[in-house]
2 protein chains.
Amino acid sequence: MTDEAEDNVPQNAPQESGLDRRDWIAGLEKGLRIIEAFSDSHPRLTPSTAARRTGITRTAARRYLLTLQHLGYLQSDGTHFWLTPRILRLGWSYFDSAKVPRAVQPFLQRMSIELGGATFFAVLDEDEVIFVARNGTSRVQSQGFVLGARVAANLASAGIALLSCKPPEEVDRWLTGRRFIPYTPHTITQPDELRSIISKARQNGYCILEQQLEQDRRGIAVPVRTRSGEVAGAISISLPIGNESTQQALTRALPVLREAEHALLALL
Amino acid sequence: MTDEAEDNVPQNAPQESGLDRRDWIAGLEKGLRIIEAFSDSHPRLTPSTAARRTGITRTAARRYLLTLQHLGYLQSDGTHFWLTPRILRLGWSYFDSAKVPRAVQPFLQRMSIELGGATFFAVLDEDEVIFVARNGTSRVQSQGFVLGARVAANLASAGIALLSCKPPEEVDRWLTGRRFIPYTPHTITQPDELRSIISKARQNGYCILEQQLEQDRRGIAVPVRTRSGEVAGAISISLPIGNESTQQALTRALPVLREAEHALLALL
DNA sequence: CTATCGGCGTGCGATTATCGCGCTTAATGC
DNA sequence: GCATTAAGCGCGATAATCGCACGCCGATAG
């Protein structure tokens, strides 16, 4: 009910990057913005809250909500609207059609068994890292680790590994003007520290991160490239720290990750 | 490349169910249809294939594809378009905002530990059952069991359990004019048999299904209602058959499912 | 070698679908 | 009881979407 924060108003520019104004369907963009306006803190939206969160006028927002409801993607009690599971069809289209998640799955499985942790394949999406495949025991974390989950890139070893593949100036741009929210007492929030971690990852070709996202957990990740040299994503493993030293964990896990990386190189 | 099948052309009626023509955003519906046109058999679409699969004209389909590309939901080599993981943001909005998956998670976890199988919470979406929460060892199945996964309702115990909550005449409508594709040699494909299974589930208040979707697996499910009596979904467990008898499995698992069901009743 | 076919991109005029203002009503709170 | 905020609705304006028609290209076949 109480909406204090006048949230982000993206206001995507239509044609800036060389798209003909004629080829721009405004309605689609607005509709997707409406869908993404639902979140943990705003699970139910009214026309006016949706309007505020998306920068669309109230009247228009209402039309989009009604349309989505009619399509079955939203439910409504007349005033409030909320997402239905049908929205998952859209994500499902990706898992159904994308070859990468399927291709990496057996490798993740093998690694999980060999090293005894949860393994992931992740890609970068703007500021965040998305986990598109995973294997192994779904960890504690109130609701397990959902596929398609996303966290700020600096919190996951895979995120750092992927950032390290970008040119340093882009990394700098990424680091500036950003607030890093701590998830544990050990979370690094200083841009300078992050920069050095990223450049170390660039030199090493891997990244190891400890207790950034979760206590007593470390992650190790290596970027994966295709034959043509593009970065396809990163494979990572999450291990309990226990009383294993950083060095021990590295010598144990890194060769396995590397092996999977090279095997994937041939496939992607 | 070769497109033999002129697929389904949904052609959703705009206002039939009492929606003002003014409140219908055609562009949004078409865009979502385009997204859902991507699938396992059609992972990459061109303007004309997309047009055929959605019933939109080629010119329009191209515009939608370009718009989605511009928004980052699609990638393209100039002619072909394919989905990027960013599309998962949409599904993520659901997991982020929906309270149900979060609420059931601890119960699924407890049940998994106690009974030693994979547990699920599922809802019905038209013909299919969607798994919106799960816990326990991700099973074999090439890519594990992704959250948001969907299968034809008759193949999963949760699907039958949910169908059994619908009035019989609706079930009959559901059964007619539908092709049931076998997944194992044991898959039931006769509408009459399915009808009796559903009505048995209605009498019992639970459903047990064996080897419908996968060999040597059985599923047991009970529907879950809210305090107001609506069906919120179904909880189910998937167990290896091994040499446990049907009766043994039932007496072992059903009380646990029932207990979780009653506990959830208070929450939903 | 050339004809044919299917697909792609583009431009344009037509029209209709979308926009948002402004009004009324209802609910909440001080 | 009045102030504030939000919802629904109707309407006129216009800008956004549509799809036809054209030209080009690549593949296949005769």
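Throughout, protein chains are lettered first and strands after them, A, B, ... in sequence-line order, and every chain is numbered starting at 1.
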Worksheet item: What string of B, S and - do you get for nucleotides 10-20 of chain C 5' to 3' if you count protein non-hydrogen atoms under 4.0 Å?
Response: B-BB---SBBB
Worksheet item: In this structure, which one of A:Val224, A:Leu264, A:Asn135, A:Leu267 forms a side chain to side chain contact (heavy atoms under 4.5 Å, CB included) with A:Val104?
Response: A:Leu264
Fill in: Close side-chain approach of B:Asp40 and A:Arg102, heavy atoms under 4.5 Å
yes
Worksheet item: Reading DNA chain D 5' to 3', which nucleotide is the first, and which the last, to come under 4.0 Å of any heavy atom in chain A?
Response: D:dA6 to D:dC18
Item to complete: Could you grab the distance from atom CD1 of B:Ile87 to atom CG of A:Leu90, nearest 0.5 Å is fine?
Response: 6.5 Å
Item to complete: Please round to the nearest 0.5 Å and tell me the distance separating atom CG of B:Asp127 and atom CZ of B:Arg150.
Response: 9.5 Å
Worksheet entry | Distance-only donor-acceptor check, side chains A:Thr57 and A:Thr59, under 3.5 Å | no
Fill in: Those residues that, when tested against B:Ser97, pass side-chain contact (heavy atoms from CB on, under 4.5 Å) (two or more places apart)
A:Phe38, A:Pro43, A:Leu83
Worksheet item: Taking NZ, NE, NH1 and NH2 as the nitrogens, is one of them in A:Glu261 or A:Arg225 under 4.0 Å from a carboxylate oxygen of the other?
Response: no
